[in-house]
Structure formats: C-alpha cells, structure tokens
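So that the names make sense, note that chain A is the first sequence line, chain B the second, and so on, each numbered from 1. In this text the structure is predicted, and so the values were computed from the model without any measurement.
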Number of protein chains: 2
Amino acid sequence: MSSLKPCVDALYEGVDRVAQSIPGVPKSEVLLVRLLMLTAGALLREFENKLKPYGMNDSDFRTLMMLYSSEDGSATPGELCALAEQKPTNMTRIANALAKKALISRSHATHDRRQVLLRITPAGRRFVNKMLPPMFPPLMENFACFSSTERKTFEKLLKKLALHIDPTVDTDDTP
Amino acid sequence: MSSLKPCVDALYEGVDRVAQSIPGVPKSEVLLVRLLMLTAGALLREFENKLKPYGMNDSDFRTLMMLYSSEDGSATPGELCALAEQKPTNMTRIANALAKKALISRSHATHDRRQVLLRITPAGRRFVNKMLPPMFPPLMENFACFSSTERKTFEKLLKKLALHIDPTVDTDDTP
DNA sequence: GCCTAATAGTTCACCAGCGAACTATTTGCC
DNA sequence: GGCAAATAGTTCGCTGGTGAACTATTAGGC
C-alpha cells in the first residue's frame, strides 16, 4: 500500500503534542501500543493480499492451518474458536466457506451429537502443501531487518507481552 | 475476553508440526508475525471495549486524536487517510460520525474547493481532555511486565520493523 | 479560453465479524 | 425416568471497512 514512515512520524509528533496539553500521558506505552497495531495491520494487509488470489482471508487460512497442524486433522468449531480467538458465529461462516471449497469436511461427533467435527480433506492438505512455500520468502523479507539476535529478543519480548496482557482484559468488561 | 496462553501454546505446537510436514518453514518469522497479530488484536479489543461506552471505535478515536494533536486542530480527510492508513470511503463515514457528535466540524477549503476541512471543536477538545486520562492506568498495566530497558528495546525493534516492512507491501499488488 | 487528465470526497453494494436470539443435545438433580 | 440448566452450533440483524462508480473541482496542454 503506502509507506508507514509518515504514519510513524506523525505518531511520534502527535504523542508529543498531546503530552503538552494533557499531563501524565504515558508516552512510551502509547507509542508501543500504536506501533504494534500499525505494524500488525500492515503485515496483515500484506498477507491478505497474498491470500486473495485463493479467495481466502487470514481467518479462513488460520482455521485451515489449525486443522492441518492438529493431531489427527480434525477439531470441533468450539476448539478452533478458543485457539483462534474467534467467536462461534464467525467460525460457522469460516467452516461454511472452507467446506464449500472442499478443503474441509463436516460431520457430527459420535459421542456428543451437539458437536460438529471439522476435518481437513486430502485436497485441503494438498492445497496447503502447494500454496504455503511460495509465501516463505516474502515473509522472511519482512523480518530481514533483524539480526538473528534481534529476532530472538523481539520474539521473547513479544511472547512475554502476549502472555501478560490477557488478565487485564478480563477485569473491566463487566461493570 | 479469554486468555491468550492457549493460543500462544497452540501456535508454537502448530508451527512445529507444520515444519515437520513441509520443509523450509521459517519458524521464527511465522511465530513473530502471528504473535504480533495476536497481541495487537488483543490490545485493540481491550481498547475498543473502553471506547464503547463513548459510542466510538478505535478508528474514530484515532481520527479525533489526529485532529486534536494537529498544528491548528484541522486537517483534510485526505491527510488523515494518509496518516491513519485509512481508505477515503471510511474516512467519510468516520467524519460523519464525529460530526454528528459535534466533536468536529466540516467546512470547505477556500483555496481548493474540492477539499473538505475537518476541525476539532471545543467540545471535541473537552471530550478528549476528559476521557483520555482514565485510560492511562490500564494502558500502563499492559506493559507493566516490561522493565524500562525492555520497553525501550521493544520500541526500538518495533519501530525498526515498522519502517522496514513497508516497501515489501508495495512490490506485489499490481500483477 | 477550452478540453482532457488528474484529484478530493462521496455514494453504493458488498464482505467480515459480532452480539442476541434460537435449536438441539447433554448433564445432573430429584 | 423426567425436567431444569448448561453447552455446541446456527441464524439473524447490525456495524466497520473496502473497491468501484460517480460528482465536483482543479491543473495542464494547446
């Protein structure tokens, strides 16, 4: 799309200017959270551009990959929701879309007939095997600005953050 | 919402398993990009929960803040689009929403009558001054797991990444 | 000065994701 | 066994964001 540089510059300037009007602005944290969202957004858009030719978006793809990488190639919508931070509503639609492309199959679980069992099909596996490798080089390019030490550090911090932020979310959505 | 831990664990396991079936998976990069999106998504959801009582989403808020922090409190939709990585279509709707709440005003630019001039109103400024400070503590909490050195390192790496990834996006959307 | 190009916003039709309401099934208390 | 409560998915109606087509204005070649 367009360069992120002006966005980043404007962000730094903007935060500085706001901090002059309002006391106590946690500049560092604001910058972090905005940079995170900006970067993640850009990466997401780039990835979805690559998926578009296949008629897929990132959620569809992630769901397919979760099935691909699951123990026995199957899972229930509920399990997938939990692992993908998705709502059941959306998972229904994703499953419909993937099933329509014959990349996954749907059946009822035997022991609990409320559950639905989604399973990746051989065609689904072939699809992943074929479309995934070409995506590696551009993905690696994205992080080419990092030394391997930096990549490790970044991953460590990111993981720490991911595991930390969660409890906070819980505390204040039921007033 | 729910804990990110299972997502993170499943991510690491899943990548390992996929790497066993498909050669050449850039594990480190996949983990980074997924952790980034996961974390950013969680932070975004948390923030939007806080904005909901004000009948706003993050885009609305960001737009308002860009006006708040701009040199003279005004900007054209086009400028805001560029800085917020937004499409003009969406900016129109955002401007409508903010104008409806009387937080911004709309007028035509004098020197180029195609342009529209958006300006934050005094009420808009008061709104920001009032609603912003209570958001600081929970925001700081999110990054409380970082020492100040870690925060600095993380910001440095994140900024580096943000400024790097952009050119890649450009190269492959016009086939 | 005029006519084509380009540019700034808007409108329209569509897709993705969400909460609320609903259905089908299971669990557990009696 | 039977009935209330919980659980798994689905359907429905709404919001947020997008590309394509459209309008209004300006810029540029002649």
Side-chain angles (χ1 to χ4, degrees), chain A residues 1-2 37 40-42 44-49 51-63 74-101 104 106-118 169 173-174, chain B residues 1-2 37 40-42 44-49 51-64 74-101 104 106-118 173-174:
Chain A
M1 280 294 167
S2 60
M37 290 180 186
L44 179 62
R45 242 169 300 163
E46 184 193 341
F47 188 52
E48 294 212 309
N49 272 342
L51 288 177
K52 205 173 290 176
Y54 301 101
M56 263 193 184
N57 66 18
D58 185 55
S59 301
D60 300 343
F61 176 75
R62 243 164 50 229
T63 303
S74 71
T76 66
E79 288 164 359
L80 296 177
C81 282
L83 300 179
E85 289 274 298
Q86 290 273 339
K87 307 294 176 198
T89 303
N90 209 24
M91 193 50 74
T92 296
R93 195 180 42 69
I94 292 172
N96 285 341
L98 292 176
K100 197 170 186 177
K101 290 187 208 294
I104 69 170
R106 249 205 188 99
S107 58
H108 277 276
T110 50
H111 60 295
D112 185 341
R113 296 195 352 182
R114 286 171 304 183
Q115 290 186 334
V116 168
L117 211 73
L118 304 177
V169 186
D173 56 343
T174 38
Chain B
M1 282 291 167
S2 59
M37 290 181 186
L44 179 62
R45 242 169 301 162
E46 184 192 341
F47 187 51
E48 295 212 310
N49 272 341
L51 288 176
K52 205 173 288 176
Y54 300 102
M56 264 193 183
N57 65 20
D58 184 56
S59 301
D60 299 342
F61 176 75
R62 243 164 49 229
T63 304
L64 184 61
S74 71
T76 67
E79 288 164 359
L80 296 177
C81 282
L83 299 180
E85 290 273 299
Q86 289 273 340
K87 308 293 176 200
T89 303
N90 208 25
M91 193 51 74
T92 297
R93 194 179 42 72
I94 292 170
N96 285 340
L98 292 176
K100 197 169 186 178
K101 291 188 210 293
I104 68 169
R106 250 204 187 100
S107 58
H108 277 274
T110 50
H111 60 296
D112 185 342
R113 296 196 349 183
R114 287 172 304 183
Q115 291 186 334
V116 168
L117 213 73
L118 304 177
D173 57 344
T174 39

Atom pair distance, as rounded to whole Å: [atom1] in [X] and [atom2] in [N]:
X        : N      : atom1 : atom2 : result
B:Gln115 : D:dA27 : CD    : P     : 10 Å
A:Arg45  : C:dA16 : CZ    : P     : 17 Å
A:Asn96  : D:dG9  : CG    : P     : 13 Å
B:Met91  : D:dG17 : CE    : P     : 10 Å
A:Leu51  : C:dC15 : CG    : P     : 18 Å
A:Asn90  : D:dT15 : CG    : P     : 18 Å
B:Glu85  : D:dG17 : CD    : C1'   : 14 Å
B:Gln86  : D:dG17 : CD    : P     : 6 Å

Of all the choices, [options], which nucleotide is nearest to the side chain of [X] once you look at every atom?
X        : options                : result
B:Val116 : C:dT10, D:dT10, C:dC18 : C:dT10
B:Arg93  : D:dG17, D:dA8, D:dA24  : D:dG17
A:Arg114 : D:dT25, C:dC18, C:dT26 : C:dT26
B:Thr89  : D:dT11, C:dT25, D:dG19 : D:dG19
B:Arg113 : D:dA8, D:dT25, D:dC12  : D:dT25

Residue mapping more 5' on DNA chain C - nearest nucleotide basis, A:Glu48 or A:Asp112: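 Nearer the 5' end of the strand: A:Glu48.
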Tell me whether B:Arg62 contacts the main-chain N or O of B:Ala84 through its side chain, where contact means a donor paired with an acceptor under 3.5 Å.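 Yes.
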Looking at A:Gln115 and A:Asp112, would you say the former's side chain and the latter's main chain have a donor-acceptor pair under 3.5 Å?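 Checking the backbone N and O of A:Asp112 against the side chain of A:Gln115, no donor-acceptor pair under 3.5 Å is found.
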Less than 4.5 Å apart, side chain to side chain, heavy atoms only: is that true for [X] and [Y]?
X        : Y        : value
A:Ser59  : A:Gln86  : yes
A:Arg106 : A:Leu118 : yes
A:Lys101 : A:Met56  : yes

B:Phe61/B:Phe47 aromatic ring centres below 6.0 Å: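 B:Phe61 vs B:Phe47: aromatic centres under 6.0 Å.
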Closest heavy-atom pair and its distance - B:Met37, A:Asp58: SD-OD2, 4.3 Å
Give none if C:dA5 has no partner; otherwise give the nucleotide forming a Watson-Crick or G-U wobble pair with it, both distances under 3.5 Å.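 Across any shown strand, C:dA5 pairs with none.
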Would you mind pulling out the nucleotide paired to D:dT26, Watson-Crick or G-U wobble, both distances under 3.5 Å? none
Below 4.0 angstrom, which residues in residues 52-60 of chain A have at least one non-hydrogen atom near DNA chain D?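 Under 4.0 Å from DNA chain D: no residue of residues 52-60 of chain A.
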Going by the glycosidic torsion and a 90 degree boundary from 0, is the base of D:dA24 oriented syn or anti? anti
So, does B:Thr76 get its side chain near the phosphate of C:dA8, meaning an N or O under 4.0 Å from OP1 or OP2?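 So the side chain of B:Thr76 is outside the cut-off, no N or O lying under 4.0 Å from OP1 or OP2 of C:dA8.
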Sugar-phosphate only, base, or nothing, as touched by A:Pro88 at under 4.0 Å among non-hydrogen atoms: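 Result for A:Pro88 = base.
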Using distance alone, with no hydrogens and no angle criterion, decide if B:Asn96 and B:Arg93 have a side-chain donor and acceptor under 3.5 Å apart. no
